[in-house]
Amino acid sequence: MRRFLLICSVATLLSCSDNTGPSGVPDAQLHIVRQGTTAPPLVAMRDSFWAKVGDGRELHFNYQGATPADTGEEFLRFEVPGDGLLLKPDGSAFQTGDSIRITITVVDSAYFRFQFEPAGLQFSPDHPARLKVEYLHADHDFNEDGVQNAADTTIEHILDMWKREGTTAPWFRIGSVKFEDLDEIDANILSFTEYAIAW
């Protein structure tokens, strides 16, 4: 049911006009969500896996647990369905049995900002890759005014997944599904670039 809602909601968002305008939002004007000061450290800041045509695969990032043997809470999950790979970075189509190494980097441990590689990789719009991010350990003082209040609740309602194509490029809202009771944002991913949770 959640997957159905994700697909339907993202399709609706993408069909609407983008309120960020044709030029997007400059980096200095985007408010990227921060990790809370009491958030556990991440197990890893960078990890990779092989996505393969015909074989659904996924990669998880977790916070450190109380002990080395404890997996810890999930921070990020990236899923590539078996029929999700569309075009390689050189523009050629994937064939049966093809695979590609995917690398995800948490750009800064203090922020919900991620780099996906290889750049130029494209996924099927009918069977997109899926990104799920848990922001339970985010600093919920979203406007950074020193107090958590109704203004921050209002901001949480407009949190979304954003992307940009390079370090000097503007950011664009891509549309996502937010489960505020779970502190979770899910988004369909069609290409590789830099992503962030922001407002």
Side-chain angles (χ1 to χ4, degrees), residues 2-3 5-36 39 42 45-47 59-61 74-80 84 102-125 128-145 151-180 182-199:
R2 180 178 293 181
R3 181 174 298 176
L5 290 172
L6 173 61
I7 294 171
C8 291
S9 298
V10 171
T12 301
L13 285 167
L14 292 177
S15 67
C16 299
S17 59
D18 186 1
N19 59 13
T20 62
S23 58
V25 174
D27 187 57
Q29 294 180 20
L30 191 73
H31 305 279
I32 299 177
V33 173
R34 300 174 301 158
Q35 289 277 12
L42 295 172
M45 294 282 290
R46 180 182 177 94
D47 204 352
L59 179 64
H60 299 247
F61 279 69
E74 187 170 88
F75 169 62
L76 177 153
R77 178 186 300 180
F78 184 68
E79 304 172 347
V80 180
I102 288 174
T103 299
I104 302 174
T105 302
V106 179
V107 177
D108 185 334
S109 61
Y111 291 90
F112 285 74
R113 183 175 153 213
F114 327 102
Q115 182 71 42
F116 287 74
E117 299 172 289
L121 179 62
Q122 295 185 44
F123 299 94
S124 166
R130 289 177 291 275
L131 174 62
K132 182 183 85 170
V133 181
E134 308 277 356
Y135 64 94
L136 174 66
H137 291 295
D139 183 349
H140 282 66
D141 176 19
F142 296 114
N143 61 5
E144 303 179 39
D145 65 354
D152 298 299
T153 301
T154 299
I155 291 172
E156 183 175 11
H157 294 331
I158 62 171
L159 291 181
D160 209 337
M161 194 73 70
W162 294 69
K163 66 177 284 187
R164 68 175 177 178
E165 298 295 344
T167 56
T168 61
W171 291 89
F172 292 89
R173 187 192 308 270
I174 68 169
S176 61
V177 176
K178 185 162 65 276
F179 302 94
E180 291 184 15
L182 300 175
D183 290 308
E184 174 185 322
I185 288 183
D186 295 4
N188 287 345
I189 303 299
L190 298 178
S191 62
F192 269 1
T193 181
E194 188 174 352
Y195 291 91
I197 295 179
W199 58 281

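When reading the values below, keep in mind they use all heavy atoms of this one structure, side chains included, and skip hydrogens, waters and symmetry mates.
Considering every non-hydrogen atom in both Asp186 and Ser176, the closest pair reads O-CB, 3.1 Å. Shortest non-hydrogen contact noted between Asp152 and His140 is CB-O, 3.3 Å. Listed here is the closest heavy atom pair of Gln35 and Ser109: CG-O, 3.2 Å. Taking every heavy atom of both residues into account, Glu134 and Phe112 meet most closely at O-CE2, 3.4 Å. The heavy-atom pair separating Val33 from Ala138 by the smallest distance is CG1-CB, 3.6 Å. Among all heavy-atom pairs drawn from Leu59 and Asp47, the shortest one is CD1-OD2, 3.6 Å.
Inter-residue side-chain proximity for Phe172 and Glu165 is flagged as unmet; no heavy-atom pair is nearer than 4.5 Å. Counting heavy atoms from C-beta outward, His31 and Ile155 have side chains that stay 4.5 Å or more apart. Residues Val133 and Tyr195 fail the side-chain proximity criterion, which asks for heavy atoms closer than 4.5 Å. Counting heavy atoms from C-beta outward, Asp108 and Val106 have side chains that stay 4.5 Å or more apart. Considering only heavy atoms from C-beta on, Arg130 stays 4.5 Å or farther from Arg77 through its side chain. Under the 4.5 Å side-chain criterion, counting only non-hydrogen atoms from C-beta, Ile174 is in contact with Ile189.
For the atom pair CH2 (Trp199) and CD (Glu156), the distance works out to 13.0 Å, reported to the nearest 0.5 Å. Interatomic distance, Leu159 CG to Lys178 NZ, rounded to the nearest 0.5 Å: 5.5 Å. Between atom CG of residue Leu190 and atom NZ of residue Lys163 there is a gap of 7.0 Å, rounded to the nearest 0.5 Å. With values rounded to the nearest 0.5 angstrom, Leu30 atom CG is found 10.0 Å from Arg113 atom CZ. The CH2 atom of Trp162 lies 13.0 Å from the CD1 atom of Ile197; values are rounded to the nearest 0.5 Å.
The side-chain hydrogen bond (donor to acceptor under 3.5 Å, both in side chains) test applied to Asp139 returns Arg34, not counting sequence neighbours. Considering only residues two or more places apart in sequence or on other chains, Thr153 meets the side-chain hydrogen bond (donor to acceptor under 3.5 Å, both in side chains) condition with none of them.
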Handout entry: Stepwise side-chain contact (heavy atoms from CB on, under 4.5 Å) check, Glu194 with Trp171
Key = CA-CA 9 Å; Glu194 188 174 352; Trp171 291 89; 3.9 Å; yes
Problem - Audit row: His60, Glu74, side chain to side chain donor-acceptor pair (under 3.5 Å) steps and yes/no - result: CA-CA 7 Å; His60 299 247; Glu74 187 170 88; 2.6 Å; yes
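Between the side chain of Lys132 and the backbone N or O of Glu184, no donor-acceptor pair lies under 3.5 Å.
In this structure, Phe192 and Phe116 have tilted ring planes: the angle between them lies in the 30° to 60° band. Using a 30° and 60° split on the angle between ring planes, Phe114 and Phe75 fall in the perpendicular class, above 60°.
For Arg46 and Glu117, the salt-bridge test passes: some basic side-chain N is under 4.0 Å from an acidic carboxylate O.
Note: His137 and Tyr135 fail the aromatic proximity criterion, with ring centroids not under 6.0 Å apart.
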